[in-house]
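Structure incoming, see below.
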Number of protein chains: 2
Amino acid sequence: MISVLIDKIKEKNAPVVVGLDPMIDYIPKKMVDDAITEQFGALEAAGEAIWKFNKEIVDATYDLIPAVKPQIAMYEQFGIPGLIAFDKTVKYCKEKGLVVIGDVKRGDIGSTSAAYANGHIGAVTIGDTEVSAFDEDMVTVNPYLGTDGVKPFVDACNEYDKGIFVLVKTSNPSSGEFQDQMIDGHPLYELVADKVNEWGMDSMDGEYSNVGAVVGATYPEMGAFLREKMPNTYILVPGYGAQGGTADTLRPYFNEDGLGAIVNSSRGIICAYKQDKYKQFGDSKFYEASRQAVVDMIEDINSIF
Amino acid sequence: MISVLIDKIKEKNAPVVVGLDPMIDYIPKKMVDDAITEQFGALEAAGEAIWKFNKEIVDATYDLIPAVKPQIAMYEQFGIPGLIAFDKTVKYCKEKGLVVIGDVKRGDIGSTSAAYANGHIGAVTIGDTEVSAFDEDMVTVNPYLGTDGVKPFVDACNEYDKGIFVLVKTSNPSSGEFQDQMIDGHPLYELVADKVNEWGMDSMDGEYSNVGAVVGATYPEMGAFLREKMPNTYILVPGYGAQGGTADTLRPYFNEDGLGAIVNSSRGIICAYKQDKYKQFGDSKFYEASRQAVVDMIEDINSIF
């Protein structure tokens, strides 16, 4: 799967991913109000508003970008109707030719991790029927439980040609509390990076492995170090834009050839119409603001090469 | 919420929780086949079979036990229909007076963790309506992202009188890969335990805090150590039975008064009818096998006091 993502990044000349993380506040008020009027329940209204909002953004940007990253928490908070919106979004984005990275950060013990892997990037068997439920192309994985929690995801990568990104160093302020702790002179995230290399050896797909890593844009020195430490690992970089990461801090996450990393922006794209810079589009053309924000982001990221 | 759980444990004299983690293989074949015949899609059939299976087990055991712990991965693997079965199971168990511990192991950065917390143990607001989606009583939480990933769950505990169990030392074979790594002479899980104490101080509910810990039954020395280290923390203990933990290794997880821990069994209860010991119940009375297995488990656990 990583080779598919790389081909799309090259084709669009855009090492970026749009994070589809719709908070209710991000959606134009009229869209939410209309959904409340049309739907019987509040959760159903939220699901419908999110789905319509996503669809407009995807329609306005899909030709520019290789991938999207829906954050499942933003859907799961609205229960079943929210998850139906997640499911529709994943399937619609795949129809549009986008690589879908489910930001699910799952991770559990062996058979339970296998269930997550089956449901998100594999398949389940019921009677004589094999079915893929959510069927994202790639997902994010939490490594705290160790190899037997991650291995089922790697197995699914091999069986179904999918990919994962393992949390190595996250973008949030307190990520260092555990991740930066020193073990025999090396931070915990480095130990996780060693494991990412090891797991990735079992799922190579061209020059890179299907086992990628999440390294936040907010920690560029660690990005530089981890880039070198994991030569065959694609890095998913959250934290650009709203969280404070800027293009000039992103260079170290990439290899010489401009590959090796893909930068996520969520709020900066899907909520662009609320920024002064894009306010001329107005609430009703929020998706055109998103398109312009994608154009600007691609130009900004490509300026570092 | 922890005080509610403790009251129920005392009332039933049963420091146990039944893990509702239904694999398709655990469900009697006839139930699965019937669901396949009745339902249009394979995922819908899985959801229906799981729900019916769970309901029988809950009906046969609810008077004996204080709590259940549905493992969401086992539902999520079947997509939306699976999650509908999860949702129905949670709501039904609450109707039956059980404390529901959603084994979701969620954890993310601040606003995203807040979305998970809102969806599972809090509420969301859409227009003028506040709604709780999955509405479990307690959930398990992954701490790898640090305080700002856990804090939103603690806030929800306080706002909605709920509880969490933070993964400290998990029961799986490779849990030590990261969790046992030594930091200044102390393993990582001890550092997490210190944080559990700290987080718990913000959400005390009687003698114990609403911030519990997961410590696997398969590591009893660490259980003893962590019991002492976290005096106000309830410990959720997975790994009894099928994973290899036995009653005589469980004593150290409890305080002198017999409180302080709750022991989970999943396969050992819900799949009891497949064991030689309970095979006299047959496939059709699988739920009576589960009831007997609960009776035996409670007796076994209580024998240590």
Side-chain angles (χ1 to χ4, degrees), chain A residues 21 23-24 32-33 36 42-43 45-46 71 73-74 76-80 82-84 87 105-113 115-116 118-119 124-127 129 131 133-134 142-149 167 170-179 181-184 188 191-192 195, chain B residues 21 23-24 32-33 36 42-43 45-46 71 73-74 76-80 82-84 87 105-113 115-116 118-119 124-127 129 131 133-134 142-149 167 170-179 181-184 188 191-192 195:
Chain A
D21 310 355
M23 312 266 269
I24 284 287
V32 177
D33 289 346
I36 291 171
L43 297 176
Q71 165 54 260
M74 296 305 171
E76 195 168 315
Q77 66 179 327
F78 301 111
I80 302 296
L83 287 159
I84 290 173
D87 193 40
K105 295 189 180 65
R106 301 304 193 241
D108 208 295
I109 67 168
S111 59
T112 312
S113 261
Y116 280 130
N118 291 339
V124 289
T125 301
I126 304 132
T129 313
V131 204
F134 290 110
N142 186 310
Y144 186 67
L145 288 91
T147 296
D148 59 35
L167 305 187
T170 55
S171 60
N172 55 314
S174 55
S175 68
E177 239 170 59
F178 304 126
Q179 297 166 24
Q181 290 295 333
M182 297 303 277
I183 295 154
D184 290 338
L188 175 61
L191 195 66
V192 179
K195 287 287 171 188
Chain B
D21 310 355
M23 313 265 270
I24 283 287
V32 177
D33 290 344
I36 291 171
L43 296 175
Q71 165 53 261
M74 296 304 170
E76 195 168 315
Q77 65 179 327
F78 300 111
I80 302 298
L83 288 158
I84 290 172
D87 193 41
K105 296 190 179 66
R106 301 304 194 241
D108 209 295
I109 66 168
S111 59
T112 311
S113 262
Y116 280 129
N118 291 340
V124 287
T125 302
I126 303 133
T129 312
V131 203
F134 290 110
N142 186 311
Y144 187 65
L145 288 91
T147 295
D148 60 36
L167 304 186
T170 57
S171 60
N172 56 315
S174 56
S175 68
E177 240 169 57
F178 304 126
Q179 297 166 24
Q181 291 294 334
M182 298 302 278
I183 296 153
D184 291 337
L188 175 60
L191 196 67
V192 179
K195 286 288 170 184

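All chains are named by letter (A, B, ...) in the order of the sequence lines, taking the proteins before the strands, and each is independently numbered beginning at 1.
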**OP:** Output the distance between atom CG (A/Asp87) and atom CD1 (B/Ile80), rounded to the nearest 0.5 Å.
**Re:** 5.0 Å
**OP:** State, with a plain yes or no, whether a side-chain heavy atom of A/Gln71 is found less than 4.5 Å away from one of B/Asp108.
**Re:** yes
Subject >> Top of B/Asp184, B/Thr125, B/Val192 for chain A proximity - count of heavy-atom pairs under 4.5 angstrom >> reply: B/Val192
Original post:
Side chain, backbone, both or neither: which part of B/Thr112 has a heavy atom under 4.5 Å from chain A?
Top reply: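 B/Thr112 touches chain A through backbone and side-chain heavy atoms alike.
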**OP:** Output the distance between atom CG (A/Leu145) and atom CG (B/Asn172), rounded to the nearest 0.5 Å.
**Re:** 5.0 Å
Original post:
Do side-chain atoms of A/Glu177 reach the backbone of B/Thr147 as a donor and acceptor pair under 3.5 angstrom?
Top reply: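 Checked: pair present.
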Original post:
Of all of B/Ala115, B/Gly176, B/Ala133, B/Ala45, which one pairs up most often with chain A through heavy atoms under 4.5 Å apart?
Top reply: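 The candidate making the most pairs under 4.5 Å is B/Ala115.
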**OP:** Mind checking side chain to side chain donor-acceptor pair (under 3.5 Å) for B/Asp21 and listing every partner two or more places apart, or none if nothing turns up?
**Re:**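 Partners of B/Asp21 by the side chain to side chain donor-acceptor pair (under 3.5 Å) criterion, ordered by chain and then number, come out as B/Ser266.
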Original post:
Nearest 0.5 Å, what's the OG1-CG distance between B/Thr170 and A/Asp148?
Top reply: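 Going from OG1 on B/Thr170 over to CG on A/Asp148, the span is 8.0 Å.
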**OP:** Nearest 0.5 Å please: distance from the CE atom of A/Met74 over to the OH atom of B/Tyr116.
**Re:** 9.0 Å
Subject >> Partner chain B: residue of A/Ala46, A/Gly146, A/Ser111 with the largest heavy-atom pair count (under 4.5 Å) >> reply: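 Looking at each option in turn, the highest pair count goes to A/Gly146.
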Original post:
Excluding sequence neighbours, so at least two apart, what forms side chain to side chain contact (heavy atoms under 4.5 Å, CB included) with A/Gln181?
Top reply: B/Ile183, B/Leu191
**OP:** Mind ranking A/Ala42, A/Ser113, A/Gly79, A/Ala73 by heavy-atom pairs under 4.5 Å with chain B and telling me who comes out on top?
**Re:** A/Ala73
**OP:** Considering only heavy atoms and a distance below 4.5 Å, find which of B/Ile24, B/Ile36, B/Asn118 pairs most often with chain A.
**Re:** B/Ile36
**OP:** Nearest 0.5 Å please: distance from the CZ atom of A/Phe178 over to the OH atom of B/Tyr144.
**Re:** 11.0 Å
**OP:** Count the heavy-atom pairs under 4.5 Å between each of A/Asn142, A/Ile84, A/Val131 and chain B, then report the option with the highest count.
**Re:** A/Asn142
Subject >> A/Leu188 portion near chain B, given a 4.5 angstrom heavy-atom threshold >> reply: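 The side chain, not the backbone.
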**OP:** Sort out for me which of B/Gly119, B/Gly110, B/Gly107, B/Gly127 touches chain A most, counting heavy-atom pairs under 4.5 Å.
**Re:**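 Greatest number of close heavy-atom pairs with chain A: B/Gly119.
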Subject >> Residue among B/Lys105, B/Met23, B/Glu76 with most heavy-atom pairs under 4.5 Å to chain A >> reply: B/Glu76
Original post:
Between atom CD1 of A/Ile126 and atom CG of B/Leu43, what is the distance when rounded to the nearest 0.5 Å?
Top reply: 5.0 Å
Original post:
Hey, which of B/Ser171, B/Gly82, B/Gly149, B/Pro143 has the most heavy atom pairs under 4.5 Å with chain A?
Top reply: B/Pro143
